[in-house]
Novice: 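A single structure is presented below for examination.
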Amino acid sequence: MAVKFRDYYEILGVPRSASAKEIKDAYRKLARQYHPDMERNTSKKKASEDKFKEINEANEVLGDPENRKKYDRLGAQWKNGQEFTPPPGGGFGREYTWSGSGTGGGFSGEEFGGNFSDFFETLFGGRRPGGARDRSRWESGDDPDFARAADLEAELELPLEELNRGGTRRLTLMAHDQAGHARPKELDVTLPRGLRNGDRIRLKGQGATSARGGKPGDLFLKIRVQPHPIFTVMEDSPDDLQIDLPLLPWEAVLGTEVAVPTLTGAVSMRIPPGSEPGQRLRLRGKGLTRRDGTSGDLYVRLMIVPPKTVTKRERELYEELAKLSTDDPRKGFAGTKPSGK
């Protein structure tokens with residue numbers, strides 16, 4: 001019976017001369033990219049599952065030295081999708097070495113949402129007499145690590161306050177069972193103190209599942225800090241925060257005492273007389289918590305703002321102040337004239 005030929009080298013994007021390491025790297029990269037759990041768009045889930053299953057099928061063959069040798073006997077003249085008539089004798093399936101009991105729950109194409117292709121079944125078997133699928137594990141060949149599934153990466157968005165205090169966060173992830181069905185899975189993730197934007201948390205054994213009975217991969221959660229309406233993390237010093245503090249003109253001139261918000265609550269701060277716009281004052285230990293339990297600093301940048309409304313009496317006082325003041329903030333511009341004059 002003719003089946004559609006599958007070019008496993010083309011599927012993994014590697015040449016026929018690729019080394020075992022190149023095949024391993026290509027497989028893990030594609031497995032991370034197309035793993036169904038990483039696809040948030042429900043309309044693309046089915047395509048992602050099909051691609052993931054195709055990638056794992058290619059890895060089942062090219063990832064095992066003996067399987068690859070047998071596949072390469074077919075020659076390089078075949079193209080992906082061409083009609084292919086298998087060699088006499090039902091392919092190469094009877095030549096494979098198996099290990100474990102028949103109920104070991106290891107390799108099964110069903111783990112990826114369905115059986116492997118007819119091309120794979122024709123060449124490499126995988127069914128017992130009578131059509132029952134053998135669920136034993138294939139031996140991992142010369143490279144036991146090759147049976148380990150791919151690592152996955154996801155993004156975990158945290159508000160600045162939660163990043164600072166740490167603790168435990170419950171996450172709900174979509175995982176695929178052995179029948180290929182997507183099911184929600186809850187995990188309690190410990191957020192260590194000292195996390196920063198771009199850091200990664202490793203969850204061992206929560207990545208992709210192995211097609212060959214090996215260990216599952218790991219899940220890496222990359223931390224992304226949500227923008228905060230008040231605080232800014234300083235780029236050149238990620239332990240420190242900055243806040244812009246608005247002051248009215250007379251507060252800057254006369255000095256005052258104001259309440260300044262911090263991540264752990266408001267504190268009182270004295271603004272010295274004669275403060276200038278852009279000037280920074282420091283609150284020690286009011287920044288982000290470090291891994292050793294100490295904390296960075298909070299820098300308070302002063303912003304002079306005019307009053308939004310001015311009463312008649314206030315305007316009169318401003319006019320009187322303008323007559324009394326002898327200060328000229330533009331005296332450095334002496335000798336300059338407006339253009340065209």
Novice: Is the side chain of D240 donor-acceptor paired with the backbone N or O of D297 at a distance under 3.5 Å, no angle test?
Specialist: yes
Novice: Checking K46 against E49 for the side chain to side chain contact (heavy atoms under 4.5 Å, CB included) test, could you report, in this order, the C-alpha distance in whole Å, the side-chain angles of both residues, the deciding distance, and whether it holds?
Specialist: CA-CA 5 Å; K46 182 61 169 61; E49 289 174 355; 4.2 Å; yes
Novice: Supply the atom-to-atom distance D328 CG to F333 CZ, rounded to the nearest 0.5 angstrom.
Specialist: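 Rounded to the nearest 0.5 Å, the CG-CZ separation comes out at 9.5 Å.
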Novice: Indicate the atoms forming the closest heavy-atom contact of D199 with R291, along with that distance.
Specialist: OD2-NH2, 4.0 Å
Novice: Can you tell me if CZ on R270 sees more than 12 non-hydrogen neighbours from other groups inside 6.0 Å?
Specialist: yes
Novice: Side-chain contact, heavy-atom cut-off 4.5 Å: K286 with T264?
Specialist: yes
Novice: In sequence, state the C-alpha distance, the side-chain angles, and the governing distance for Y27 and N56, and then conclude on side-chain hydrogen bond (donor to acceptor under 3.5 Å, both in side chains).
Specialist: CA-CA 8 Å; Y27 162 68; N56 276 280; 2.9 Å; yes
Novice: Are L248 and L317 linked, directly or through intermediate hydrophobic residues, by side-chain heavy-atom contacts shorter than 4.5 Å (ILVMFWY only)?
Specialist: no
Novice: Quick check: closest heavy atoms across E66 and D64, and the distance to 0.1 Å?
Specialist: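 That closest heavy-atom pairing would be N-OD1, 3.0 Å.
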Novice: If you round to the nearest 0.5 Å, how far is CG of N164 from CG of L158?
Specialist: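 It is 11.5 Å, given to the nearest 0.5 Å.
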Novice: What is the minimum heavy-atom distance between E257 and S268, and which atoms define it?
Specialist: OE2-OG, 2.5 Å
Novice: Between CG of L195 and CZ of R165, what distance do you get to the nearest 0.5 Å?
Specialist: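 The CG atom of L195 sits 12.5 Å away from the CZ atom of R165.
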Novice: For residues Y318 and P307, determine if any side-chain heavy atom of one lies less than 4.5 Å from a side-chain heavy atom of the other.
Specialist: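 A side-chain contact exists here, since the closest heavy-atom pair is under 4.5 Å.
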Novice: Measure the shortest side-chain to side-chain distance between K53 and E57 over non-hydrogen atoms and say whether it is less than 4.5 angstrom.
Specialist: no
Novice: A quick test of your reading: do over 12 heavy atoms of other residues, nucleotides or ligands sit less than 6.0 Å from CZ of R196?
Specialist: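 Count over threshold, so yes.
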Novice: Work out which heavy atom in E22 is nearest to a heavy atom in V14; give both atom names and the distance.
Specialist: O-CG1, 4.1 Å
Novice: Hey, could you give me the CG/CD1 distance between L12 and I55, rounded to the nearest 0.5 Å?
Specialist: 7.5 Å
Novice: Applying a strict under-4.5 Å side-chain criterion to I, L, V, M, F, W and Y, I'd like to know whether V253 and L281 cluster together.
Specialist: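 In one cluster with V253: L281, no.
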Novice: Between D25 and K29 (salt bridge meaning N to carboxylate O under 4.0 Å), is one present in this structure?
Specialist: no
Novice: Any chain of hydrophobic side-chain contacts (each under 4.5 Å) joining V305 to I243?
Specialist: no
Novice: Any donor-acceptor pair under 3.5 Å linking the side chain of E162 with the backbone of P159?
Specialist: no
Novice: Do the side chain of Y71 and the main chain of Y8 share a donor and acceptor less than 3.5 angstrom apart?
Specialist: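 Yes, because the side chain of Y71 sits within donor-acceptor range (under 3.5 Å) of the backbone of Y8.
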Novice: Say whether, by atom type as modelled, one donor and one acceptor occur between the side chain of S275 and the main chain of P272 under 3.5 angstrom.
Specialist: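 Yes, because the side chain of S275 sits within donor-acceptor range (under 3.5 Å) of the backbone of P272.
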Novice: Could you state whether V189 and F220 fall into the same hydrophobic cluster, counting links through intermediate Ile, Leu, Val, Met, Phe, Trp or Tyr residues with side-chain heavy atoms under 4.5 angstrom apart?
Specialist: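 No, V189 does not connect to F220 through the hydrophobic network.
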Novice: In Å and rounded to the nearest 0.5 Å, what is the CG to OG1 distance from L298 to T262?
Specialist: 7.0 Å
Novice: Please round to the nearest 0.5 Å and tell me the distance separating atom CG of L191 and atom CD1 of I201.
Specialist: 5.0 Å
Novice: Measure across I304 and P249 and return the closest heavy-atom pair with its distance rounded to 0.1 Å.
Specialist: CG2-CA, 4.1 Å
Novice: In sequence, state the C-alpha distance, the side-chain angles, and the governing distance for L263 and L288, and then conclude on side chain to side chain contact (heavy atoms under 4.5 Å, CB included).
Specialist: CA-CA 8 Å; L263 287 176; L288 292 175; 3.7 Å; yes
Novice: Can any side-chain N or O of R290 pair as donor or acceptor with the backbone N or O of S295 at less than 3.5 Å?
Specialist: yes
Novice: Less than 4.5 Å apart, any side-chain heavy atom of V260 and any of V258?
Specialist: yes
Novice: For a side chain to side chain contact (heavy atoms under 4.5 Å, CB included) check, start with the C-alpha distance between L156 and R169, then their side-chain angles and the critical distance, and finish with the verdict.
Specialist: CA-CA 10 Å; L156 178 59; R169 163 73 80 94; 4.0 Å; yes
Novice: Output, in order, the C-alpha distance, side-chain angles, deciding distance and verdict of side-chain hydrogen bond (donor to acceptor under 3.5 Å, both in side chains) for D327 and S325.
Specialist: CA-CA 6 Å; D327 191 32; S325 178; 5.6 Å; no
Novice: Checking side chain to side chain contact (heavy atoms under 4.5 Å, CB included) for the pair R315/E319: CA distance, chi angles, key distance, verdict?
Specialist: CA-CA 6 Å; R315 179 174 291 277; E319 291 173 348; 3.8 Å; yes
Novice: Is R313 salt-bridged to E316, going by a charged N under 4.0 Å from an acidic O?
Specialist: yes
Novice: Check for me, please, whether M269 and L241 land in the same ILVMFWY cluster - side-chain distances under 4.5 Å, paths through other members count.
Specialist: yes
Novice: For the pair K204 and D218, find out whether any cationic side-chain nitrogen is under 4.0 Å from an anionic carboxylate oxygen.
Specialist: no
Novice: Salt bridge or not for K51 and E54, using N-O below 4.0 Å?
Specialist: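 Salt bridge: yes.
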Novice: Which heavy atom of I11 sits nearest to which heavy atom of A58, and what is that distance?
Specialist: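 Taking every non-hydrogen atom into account, CG2-CB, 4.0 Å.
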Novice: Is the side chain of S48 donor-acceptor paired with the backbone N or O of Y34 at a distance under 3.5 Å, no angle test?
Specialist: yes
Novice: Using a cut-off of 6.0 Å, state whether more than 12 heavy atoms not belonging to E235 lie near its atom CD.
Specialist: no
